[in-house]
Amino acid sequence: QVQLVETGGGLVQTGASLTLSCAVSGHSVNGNAVAWFRQAPGKERAFVAGISYIGQTLYGDFVKGRFTINKDNAKNTVYLQLNNLNSEARAVYYCAVRGGVIYLVDTIWEHWGQGAQVTVST
């Protein structure tokens, strides 16, 4: 059984940083792609970042260098570092895993976590 658990969400001030974690069980992050998506209120779920099984990374256009995805194969965990947060970052952040390459379309991803809420105060 594949399970993904996101942690690290919370309420932060504008300009702050936050690190989200996605602990994966049932699939190895060393052999699968993992991605982060986010869904803001009233909007569709959007691709944030992805990391392939060999560590190649891909980011959504809006990221503009402010977020970083990386992973720890030994812990089977993928991280998303969020820097210089603003109100636009307010969303539920989900991680997902699939075999194969990174896709920007959320429906392609096979397994999902329950999500972590990020709220940015002004």
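On a predicted model such as this, the values are computed, not experimentally measured, just so you know. Keep in mind that the numbers below use all heavy atoms, side chains included, and drop hydrogens, waters and symmetry copies.
- Side-chain atoms of Lys71 never come within 3.5 Å of backbone atoms of Tyr79 as a donor-acceptor pair (strictly under, hydrogens ignored).
- Side-chain contact between Phe67 and Leu85 is present, with heavy atoms from C-beta onward closer than 4.5 Å.
- Side-chain atoms of Thr14 and Asn86 form no donor-acceptor pair, as typed in the model, at a separation below 3.5 Å.
- Considering only heavy atoms from C-beta on, Thr19 stays 4.5 Å or farther from Leu80 through its side chain.
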Q: Test Phe37 against Trp112 for ring-ring contact (aromatic ring centres under 6.0 Å, His included), laying out the working first.
A: CA-CA 10 Å; Phe37 289 78; Trp112 292 83; 5.1 Å; yes
Q.
Working note: Trp36 + Glu6, criterion side chain to side chain contact (heavy atoms under 4.5 Å, CB included); need CA distance, chi angles, decisive distance, verdict.
A. CA-CA 10 Å; Trp36 286 93; Glu6 301 100 331; 3.8 Å; yes
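- Between the OG atom of Ser28 and the CG atom of Asn73 there is a distance of 6.5 Å, given to the nearest 0.5 Å.
- The line from CD1 of Ile69 to CD of Gln81 is 12.0 Å long, rounded to the nearest 0.5 Å.
- Distance alone, capped at 3.5 Å, is enough to place a donor-acceptor pair between the Asn76 side chain and the Val24 backbone.
- To the nearest 0.5 Å, the span separating CG on Leu82 from CG on Leu20 amounts to 4.5 Å.
- Remark: Arg98 CZ to Trp109 CH2 distance equals 6.5 Å, nearest 0.5 Å.
- Checked by atom type and distance alone, the side chain of Ser121 pairs as donor or acceptor with a backbone atom of Val12 at under 3.5 Å.
- Put simply, Ile102 and Val48 are part of two different groups of oily side chains (I, L, V, M, F, W, Y) that touch within less than 4.5 Å, one to the next.
- Tyr94 carries Arg45 over the face of its six-membered ring, with the cationic atom under 6.0 Å from the centre and within 45° of the normal.
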